[in-house]
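A short write-up of the structure that comes next.
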Amino acid sequence: MTSVRAGDMTAHTISEDVAAAAASQDDDSSLKASDTQGARDDLRHFEQNHQNDPNLPAEKLAAVHNALARDDAKEIAETDALLNEDSPYEEVRAAVRNTDGGEYANTVRAWILGMFFVTIGAGLNMFLSMRNPAITFQAIIIQLLVYPIGCLWARIVPMKKFTTFGLEWTFSPGPFTIKEHTVITLMANVTFGYAYSTDALLALQGKPFYDKNLGWGFSLLFTLSSQLIGISFAGVFRRFLVWPAAMLWPAQFSSTTLFYALHDRGDSSTVNANGWRISRYSWFCLAALAMFIYYWFPGVIFQGLAVFSFPTWIRPNDVVVNQLFGGFSGLSLLPITFDWTYVTAYLGNPLLAPSHAHINTLIGLCCFMIIPIIGITYSGALWSKYLPLVTSQVYDNRQKAFKVNNILGPGFTFDEKKYKEYSPLFLTPALALNYGLSFAALMATLVHTGLYHGKEIWHRFRSSRNQEPDVHLKLMKKYDEAPDWWYGALFLVSLALGLTTVLAFDSQLPWWGFFVSLLLAVVFMIPSSMILAVSNIVISLNIISAFLAGFMIPGRPIGVMIFKVFSVITLGQAQTYSGDLKLGHYMKIPPKVTFWCQVIPTIWAVFVQIAVMNWTLGNIEGACDNKQKDHFTCPNGRAFFSSSIVWGVIGPRRMFGAGSMYSYFNFFWLGGVSLPIIFYLLVHKAGVKFFRHFNAPIMFGSMAWLPPATPLSFSSWAIVGLVFNKWIHKRWNGWWVTYNYITASALDAGLILSTVIIFFAITFPGVPIPKWWGNVAVQDTLDASYAAILKTVSGNGTFGPTTW
């Protein structure tokens, strides 16, 4: 097999490569019939499984189809060989090598460094997540920090060997390898995001909230079970989500290119990079340094660069101008930002997502958010003239934030009389649409997957590891696979821990509710993860889980919280672990090593995070209080508490049931079913190929973060992504192949490092930022103050229905 370096490939069609290969073959060479039939079967499976692949160029699928149609033995064999030699996806070829260096991965050094950084990172992230504003240390920081430490270790630690119980080992096996680096990064990936269950635990234990401490046992069992079930699901479903070549997992490309850049930093060789000769390592350092310096401007010096809504600066008190062009609570019809945090905050780095994801997101933003919000607001529907356009805050009929305590009786129960005396709950137009689009996204995900990938899923279920040709799967076959029974045993253990959590403590969640929460995650596991794997767009159960729990166990807000955690984080962790399995797959980490470097750090991080959380609650005075002097206000716990009251006490029936204010939003369920069917019929029955790349789950699901996001983040994300992955990719393909993904890593790394320095140097100690027009006057608008409202009530007046 030819050795090809990641990023050193130019774009060729399969048909061109086949022609070249055919020219180099002797006409008299013969092909064995058995080999030809095997190649033919491979191509048939490839064509079948990639018919609806949005990332595969049409000409490559056509080349496979033509080879099968002509049934020429030589052409079939050569086409199959090309698919076996490297990935059919240019994105993968640019970011991942088609070779395995055979370096050692599972070393004592990797485990010591990995567990050290897991302890520091997990504990620090848990501690800082309880503060407002919060900051999160991401795994890329460890990916950068551990490299010089690992190299220094290799230099100074002796290579002395020890024998323990007959097993030979050493603290320093030699040079710090790329696979050791990957193993450490995998450990960081699965643990650096604080456990989602801690948000519910803060809502449960925080004194301003439920103030109900069920003890360390409950906290540990709850967190362990909710974290580990996701690993078991990722392992069970890896034949659908990890092994197939079509499951790209684009988020991993920044990590793979950074690994290669760091470990081959002296290599400046490039092929057709449009005249650029700088090495990827040097380019990474320059771009990261530039971003590190640049972010001080939108972050500190001139904060108006972040939301560059200049029409609102010109007309700061004009309601309509602020509604249409504002970037804080408006529609950002002129989406201008010079702040990379706004571009990447919700949908990730746009350089990693494929162009079809950018286009579908723009369509969804315009058709299902901006235009409907304008229609709802200026028609006065849903009392929207009395509300801001875009915010996740819920309101009462006095245009104030809805106070859940005003409708609660003893023991956090719903008080009907107080509710009637107070106010109905009003949603802003964007938030109401967010709920509706969440309903549509889930239904569209199921229908789309069934229509476009149903046969493919069944084929992969039957074929196990014997899938269509893919060089990375072929290279991984030399390593023993982690047995399915490992994942099965992990599932049974974590299931037992989860059942103990809900049955042995006052959880308000019945046993059958626990199983329903897991069933919900299982149902959406393959469909939502396939969407994520091909588009980098996350489909979450955040809304539907609380919605269903509110219907199933009304009046049990704590039970609603626990149900939401088990469903949302089981799916979320399974998606995260599947992506990490793909990273291990790309970097050729033995699957058994990947299993243990996911499971053991996850278990350890749970103990670290629960210990840090309990220490903070017990030792920081006034922790979680809204006026805590050091800003340890537990913002995530507060949001979880409010959500549990809304869904568990008021309940979805009063919000979306028959006769309610938002009952018509239930039609979004039907819309989610209908749109994928319409697209499918247009492509496969009417033959309108234009709609081949239209993806209903992305159109609906990408809106899941809007609000708290604003249209500015989404439109800027899509525009930047199209500039790099459409325009630059097409016009300067050599540069894109060589530098696109390392640029993504550099921009993220520089931003994160700059953010951390600013946080500890300025934000945490309370150092004042410069007071000038660019930081003060630009914030003095109706948009920035969330006051761009068409109608206001005066004095003790109210708006809305007279009865509810």
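Heavy atoms only: backbone and side chains are in, while hydrogens, waters and symmetry mates are out.
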Ser172 versus Arg109, closest heavy-atom pair with distance: OG-NH1, 3.6 Å
For residues Phe640 and Phe209, establish whether the separation of their ring centroids is below 6.0 Å. no
Tell me whether the count of non-hydrogen atoms from other residues, nucleotides or ligands lying under 6.0 Å of CH2 in Trp604 goes above 12. no
Flag side-chain contact, heavy atom, 4.5 Å: Leu751 against Phe292: no
Calculate, to the nearest 0.5 Å, the distance between atoms CG and CD1 belonging to Leu214 and Ile558 respectively. 7.0 Å
Would you say the side chain of Thr743 lies within less than 4.5 Å of the side chain of Leu351, judging by non-hydrogen atoms? yes
Gln628-Thr633 side chain donor-acceptor pair, cut-off 3.5 Å: no
d(Leu583 CG, Thr185 OG1) to nearest 0.5 Å is 7.5 Å
Could you give the distance from CH2 (Trp296) to CD1 (Ile758), rounded to the nearest 0.5 Å? 5.0 Å
Given side chains that start at C-beta, do those of Leu202 and Phe641 come closer than 4.5 Å, heavy atoms only? no
How far apart are the C-alpha atoms of Tyr260 and Phe284, what are their side-chain angles, what is the distance that settles it, and do they pass the ring pair (Phe, Tyr, Trp, His ring centres under 6.0 Å) test? CA-CA 11 Å; Tyr260 298 135; Phe284 171 83; over 10 Å; no
Any chance you could measure Met130, atom CE, to Cys634, atom SG, to the nearest 0.5 Å? 4.0 Å
Between Gly230 and Tyr577, which heavy-atom pair has the shortest distance, and what is it? C-CD1, 3.5 Å
Separation between OG (Ser578) and CG (Leu532), nearest 0.5 Å, reads 8.5 Å
Phe514-Phe563 aromatic ring centre distance below 6.0 Å: no
Could you walk me through whether His631 and Phe764 satisfy the ring pair (Phe, Tyr, Trp, His ring centres under 6.0 Å) test, starting with their C-alpha distance in whole Å, then the side-chain angles of each, then the deciding distance to 0.1 Å, before giving a yes or no? CA-CA 9 Å; His631 306 290; Phe764 194 80; 9.1 Å; no
Indicate yes or no: at least one non-hydrogen side-chain atom of Phe253 is less than 4.5 angstrom from one of Tyr586. yes
When you look at Phe505 and Phe222, which way does the ring pair (Phe, Tyr, Trp, His ring centres under 6.0 Å) test go after all the steps? CA-CA 10 Å; Phe505 299 89; Phe222 183 32; over 10 Å; no
Would you say that Phe171 contacts Lys160 through its side chain, given a criterion of any heavy-atom pair below 4.5 Å between the two side chains? no
Distance-only polar pair, side chains of Trp111 and Asn106, donor-acceptor under 3.5 Å: yes
Ring centers of Phe491, Phe233 separated by less than 6.0 Å: yes
Carboxylate-amine/guanidinium contact Asp484 Arg238, below 4.0 Å: yes
Flag the pair Lys592 / Pro483 as yes when at least one side-chain heavy-atom distance between them is below 4.5 Å, and no otherwise. yes
Matching residue for Asp100 among Lys588, Lys478, Lys474 - test: salt bridge (Lys or Arg N to Asp or Glu O under 4.0 Å): Lys478
Measure the CG-OG1 distance between Asp748 and Thr341 for me, rounded to the nearest 0.5 Å. 11.0 Å
With a 6.0 Å cut-off (strictly less than), is the heavy-atom count around CH2 of Trp486, excluding the residue itself, greater than 12? yes
Check whether any side-chain heavy atom of Met247 sits under 4.5 Å from a side-chain heavy atom of Val242, and report yes or no. no
Other residues, nucleotides, ligands: >12 heavy atoms within 6.0 Å of Lys207 NZ: no
Are the side chains of Leu571 and Ser528 in touch, meaning some heavy atoms are under 4.5 Å apart? yes
